[in-house]
Amino acid sequence: MTPCMGSGSLLLNAKKYAAEPDYIKYYGQELMTSTYNLARMNMFLHGVVPENQKLRNGDTLDGDWPSDEETDFNMVLMNPPYSSKWSASAGFLQDERFSDYGVLALKSKADYAFLLHGLYHLKSSGTMAIVLPHGGCSGAQRKGR
């Protein structure tokens, strides 16, 4: 799963290291419609059959993955937009992705929120790779926001 899938190239890199790449199911979500469409095209160009693509055009933090689909993954790959803004409204403290931590990412830097989102969707035996700017996650804990 890639919550911020961009053009899908990070997702497609998983295919290089898989023992059986034709059985990978790709889940991803992208906010920008043009980038979402580019990811879909990229999947087709790299031979990923439509049945193995579960891609969505939407806001990863404000609109979590649908609960009627698989939500815990063997692998989570993320390259979220660095220090993007998000609402960080108090209601997110009730969201299962964030409630165990008692603190939200800063409104001006959603890096910590993306990290918690990825961890929430990762199986306990899974692997996660996330690209974040230095210091982006510690700011929420240090400032208590």
Side-chain angles (χ1 to χ4, degrees), residues 1-89 91-101 103-141 145:
M1 174 202 195
T2 299
C4 309
M5 76 180 157
S7 65
S9 61
L10 187 60
L11 274 174
L12 289 166
N13 270 306
K15 190 175 180 181
K16 292 179 187 177
Y17 302 100
E20 297 185 55
D22 293 336
Y23 294 100
I24 296 175
K25 299 238 186 259
Y26 297 86
Y27 293 80
Q29 187 162 283
E30 174 58 44
L31 179 62
M32 304 298 291
T33 303
S34 59
T35 309
Y36 159 75
N37 287 328
L38 181 60
R40 291 176 54 214
M41 183 174 62
N42 209 1
M43 290 286 167
F44 289 117
L45 289 174
H46 285 86
V48 177
V49 296
E51 301 82 54
N52 290 347
Q53 298 179 42
K54 302 286 186 178
L55 309 180
R56 292 186 32 174
N57 183 208
D59 188 315
T60 298
L61 296 178
D62 286 341
D64 191 15
W65 199 259
S67 59
D68 60 338
E69 293 185 23
E70 184 175 355
T71 59
D72 59 331
F73 300 98
N74 293 317
M75 182 184 298
V76 172
L77 304 170
M78 296 176 66
N79 188 5
Y82 291 164
S83 302
S84 66
K85 294 176 178 31
W86 76 307
S87 68
S89 65
F92 280 112
L93 287 172
Q94 307 309 312
D95 188 309
E96 289 183 1
R97 298 173 292 166
F98 312 113
S99 60
D100 288 347
Y101 304 95
V103 64
L104 295 174
L106 302 171
K107 286 183 179 186
S108 62
K109 292 181 176 56
D111 307 305
Y112 183 60
F114 282 111
L115 175 69
L116 295 180
H117 172 86
L119 287 172
Y120 174 77
H121 287 290
L122 183 66
K123 288 183 179 177
S124 61
S125 61
T127 300
M128 183 167 112
I130 181 170
V131 180
L132 290 174
H134 67 282
C137 294
S138 60
Q141 294 173 332
R145 295 184 196 174

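Treat the numbers as computed from the prediction; the structure is a model and nothing was measured. Numbers for residues simply follow the sequence, beginning at 1.
- For the atom pair CG of Asp62 and OG of Ser89, the computed distance is 7.5 Å after rounding to the nearest 0.5 Å.
- Nearest approach of Pro21 to Tyr26, heavy atoms of both residues: O-OH, 4.4 Å.
- Closest non-hydrogen pair, Leu61 versus Ala110, comes out as CD1-CB, 3.8 Å.
- The main-chain N or O of Glu30 is found under 3.5 Å from a side-chain atom of Asn57 such that the two form a donor-acceptor pair.
- Between Leu12 and the choices Leu45, Ile24, Val48, the side chain to side chain contact (heavy atoms under 4.5 Å, CB included) rule is met once, by Val48.
- For the atom pair OG1 of Thr71 and CD of Glu96, the computed distance is 9.0 Å after rounding to the nearest 0.5 Å.
- Side-chain atoms of Phe114 and Asn79, non-hydrogen and from C-beta on, never get closer than 4.5 Å to each other.
- Contact between Leu132 and Pro80 at its shortest, heavy atoms only, is CD2-CG, 3.9 Å.
- Rounding to the nearest 0.5 angstrom, the gap separating the NZ atom in Lys15 from the CG atom in Asp22 is 6.5 Å.
- Contact annotation: the side chain of Leu11 approaches that of Met43 to within less than 4.5 Å [non-hydrogen atoms, C-beta and beyond].
- Enclosure of atom NZ in Lys107 is not indicated, since only 12 or fewer non-hydrogen atoms of other residues, nucleotides or ligands lie within 6.0 angstrom.
- Residues Tyr120 and Asp64 have side chains in contact (heavy-atom distance under 4.5 Å, counting atoms from C-beta outward).
- Residue Gly8 comes nearest to Ala39 through the heavy atom pair N-CB, 3.9 Å, listed as atom of the first residue, atom of the second, then distance.
- Between atom CG of residue Asn74 and atom NZ of residue Lys123 there is a gap of 4.0 Å, rounded to the nearest 0.5 Å.
- A pairwise comparison of heavy atoms in Ala105 and Ala88 identifies O-CB, 3.6 Å as the closest pair.
- The two residues Leu38 and Ser7 make their nearest non-hydrogen contact at CD2-CB, 3.8 Å.
- Atom-to-atom distance recorded for Thr60:OG1 and Gln29:CD is 4.0 Å, nearest 0.5 angstrom.
- The existence of a salt bridge linking Asp111 and Lys109 is excluded, since no basic side-chain nitrogen approaches an acidic carboxylate oxygen closer than 4.0 Å.
- No donor-acceptor distance shorter than 3.5 angstrom exists from the side chain of Asp95 to the backbone of Gly91, with no hydrogens or angles considered.
- Here Met128 contributes atom CE and Leu119 contributes atom CG; the two are 4.0 Å apart, rounded to the nearest 0.5 Å.
- At least one side-chain heavy atom of Phe92 sits under 4.5 Å from a side-chain heavy atom of Arg97.
- Here the side chains of Tyr112 and Leu106 are not in contact, with every heavy-atom distance at 4.5 Å or above.
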